[in-house]
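Shown next, in structure tokens, is the structure this report addresses.
Only heavy atoms go into these numbers, but all of them, side chains included; no hydrogens, no water, no symmetry mates. Proteins get letters first, then strands, A, B, ... in listed order; numbering begins at 1 in each.
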Amino acid sequence: MNLEATIQAAVAQSVRALYNVETELQQIQIQKTKKEFKGDITVVVFPFVKAARKSPEGAGQEIGQYMLENSSFISEFNVIKGFLNLSINKTYWIDLLNEINSDERYGLKSVNDDSDIMMIEYSSPNTNKPLHLGHIRNNLLGFSIAEIQKANGWKVIKTNIVNDRGIHICKSMLAWKLFGNGETPESSGMKGDHLVGKYYVEFDKAYKTEIKELVAQGMTEEEAKKSAPLMLEAQKMLVAWENNDPEVRQLWETMNSWVYAGFDATYQQMGVDFDKIYYESQTYLTGKSEVERGVAEKSFYQREDKSVWADLTSKGLDEKLLLRADGTSVYMTQDIGTAKLRYNDFDIKKMVYVVGNEQNYHFQVLSILLDKLGYSWGKDLVHFSYGMVELPEGKMKSREGTVVDADDLMSEMIDTARETSMELGKLDNCTPDEIENIARMVGLGALKYFILKVDPRKNMTFNPKESIDFNGNTGPFIQYTHARIKSVLRKAAEQGIGLTPEIDKTIEISEKESYIIQLLSEFPAIIKEAGDEFSPALIANYEFELVKEYNQFYHDFSILKEENEAVKYFRLALSASVAKVIKTGMLLLGIEVPERM
RNA sequence: GGUCCCGUAGCUCAGCUGGAUAGAGCAACGCCCUUCUAAGGCGUGGGUCAUGGGUUCGAAUCCCGUCGGGAUCACCA
């Protein structure tokens, strides 16, 4: 039983004994004692005032006195206004530290073959342009959520749906055909995804020019957009693709292979991976047949032009297109097919989509459509809807060239980390490989932590010039603390000091030390909450709080120079446990921690 | 216009299942390396928690209105 539950039970017992009142454990409010008051844990007395027929102070005194006499782990108490501040026995804390210290996998639940399956979809790139800052938030959140759910005992399958077909792909294919002169990643020296992205932009430019000309000839903008030759050509290409035209398919395979090579490099650098990848080119047919079944079963209907629609007006939504008049499928059609295939492939208990909040409507509709098609799990899909990343000037716009490229950003971060390390002279006796590895961990750590410490549901601002910091509430700050502890532990080992299995319980420990143990003891609950709330930010903020407290301790107390051997062992054990929790927590965020930096 | 989300220090963010004097980091200023890593620690200044009402012993937190910002309502994905 954790401390909070223990206290709640003790309070309930006290109230029963003193006032003959039954209270539900959940309504007993427990919080950490604020720093300016003495004590470890505070009970809010106000809810019992009525039953006690006493002033808040009086009731607090009575409950506190009763608990002091009847609960062995409470050493003293004080009451301020309606708050009962309890101090916990030193031996209780030392016992806790012993437990934490001896558990290699502290905070992590184990997963076995019987564990429930959670499938988490994230990343979901289009194969017509390279990944950018928005994808970075998606990938980091998806990966971290997967790690957190594993830690909570789920068997997680990380999945990716690659949008490898559709009109947008045809646009870059067409532009390459028209303007490419046979350019390849090899011939140009460009990363494949960047090369293809270049032609997507080329298409857009040429298309805009055509529209302008048509408008000059007297067309409305609407008409011009629809009848521009390039657009018609792209649409023709999509139909040819769906009809398995060999030439189109060949070009498509070639260009996609360039993009995948590029994506793989980006994913690897970012440190994310997938257990099972789906391609829309392989799922859209299932989607189409599902939609056709829906038409046959009268869940959906066909218009005169042969396009297929779902009428959702009874649910307060609009009508939704599911198949175009030319028979080609749309985004929604594909997602229906993908969902069905996934549930066929795995015994999914919970399906989670990590997709931006701009698609809230899409997932609301997807859920309803699957339900209409008779899938009981349709309503249970979880859309983990995260906020957009904005630049100081506002939203990123690819057409205005304000997109922050993922590859560029990561390498800038690593460069900055390397320069900083060199300036500080931290890595003077490291090999070039070691230097590179540490720069990579620190640079990416800064980026990842910066993104993940923010509540995922909120939009966030990223300033490329200012957001990158290595001091304060940052990834490197936490990594640095880990490296410092490791350094102390190395020195201890050199002096032949190992960790004792059990810490002497008769030693005196300070408030600061017991508070750090209290923080450590909260770690499992934080992981659970992060899983329930789908919020890596809770872990990030917890890690920061822990590290800040530890740094104060590190500054104020000496470890290896402590003369009392038992106390020295205690401080080493405390430090080792903090390092362990730092590392475990950071790995849940997908951030590595170096042994030295 | 309908629906949904957001508004906390100069900036970036915590805190939101109601509880004590609203917290961090950055930026500014000052102090601490002959002591285990100064990417650290300590201190100073900085707030109408957008705004008006309501509920309550108690509201940044819950409810309603107003103002401001964003997303979405595509034969784009």
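- Pair assignment for B:G45 gives none, since no Watson-Crick or G-U wobble pairing has each distance under 3.5 Å.
- Residue-level contact check: A:Q479 touches neither bases nor backbone, having no heavy atom under 4.0 Å from any strand.
- Under the 4.5 Å side-chain criterion, counting only non-hydrogen atoms from C-beta, A:M231 is not in contact with A:E210.
- Nearest nucleotide to the A:K458 side chain, out of B:A24, B:C6, B:A77: B:C6.
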Inset, instruction - Could you encode protein contacts along nucleotides 38-45 of chain B as a string, one character per nucleotide from 5' to 3', using B for base contact, S for sugar-phosphate-only contact and - for no contact, with a heavy-atom cut-off of under 4.0 Å? - result: SBSSS---
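- In B:C31 the base sits anti relative to the sugar, since the glycosidic angle is further than 90° from 0.
- The residue among A:K453 and A:M388 whose nearest nucleotide of RNA chain B lies closer to the 5′ end is A:K453.
- Separating the CG atom in A:N357 from the NE2 atom in A:H383 is a distance of 7.5 Å, to the nearest 0.5 Å.
- Candidate nucleotides B:C75, B:C57, B:C36 were compared by shortest atom distance to the side chain of A:K491, and B:C36 ranks first.
- Inter-residue side-chain proximity for A:Q479 and A:P594 is flagged as met; some heavy-atom pair is nearer than 4.5 Å.
- In this structure, B:A50 forms a base pair with B:U66, meeting either the Watson-Crick or the G-U wobble geometry with both donor-acceptor distances under 3.5 Å.
- Among the heavy atoms of the strands lying under 4.0 Å from A:I167 are primed sugar atoms or P, OP1, OP2 only; no base atom is included.
- Mapped onto RNA chain B by nearest heavy atom, A:T33 and A:W309 fall at different nucleotides, with A:T33 at the one closer to the 5' end.
- Within 4.0 Å of A:F544, counting heavy atoms only, lie sugar-phosphate atoms of the nucleic acid but no base atom.
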Inset, instruction - List the steps, then state whether ring-ring contact (aromatic ring centres under 6.0 Å, His included) holds for A:W252 with A:Y279. - result: CA-CA 13 Å; A:W252 173 73; A:Y279 297 89; 8.9 Å; no
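- The listed nucleotides are B:U37, B:U12, B:C13; the one nearest the side chain of A:F450 is B:U12.
- As judged by a 4.0 angstrom heavy-atom cut-off over every strand, A:E36 is placed among residues making no nucleic acid contact.
- Residue A:R596 has its side chain nearest to B:U37 when only B:C75, B:A20, B:U37 are considered.
- No close placement of the A:Y200 and A:H168 rings is indicated, their centers lying 6.0 Å or farther apart.
- Per the stacking criterion (ring centres < 5.5 Å, plane angle < 30°), A:F83 does not stack onto the base of B:G19.
- The six-membered or imidazole ring of A:Y353 lies near that of A:F363, with a centre-to-centre distance under 6.0 Å.
- Among the atoms of the strands shown, only primed sugar atoms or phosphate atoms (P, OP1, OP2) are found under 4.0 Å from some heavy atom of A:D455.
- With B:G19, B:C75, B:C36 as the candidates, the nucleotide lying closest to the side chain of A:K561 is B:C36.
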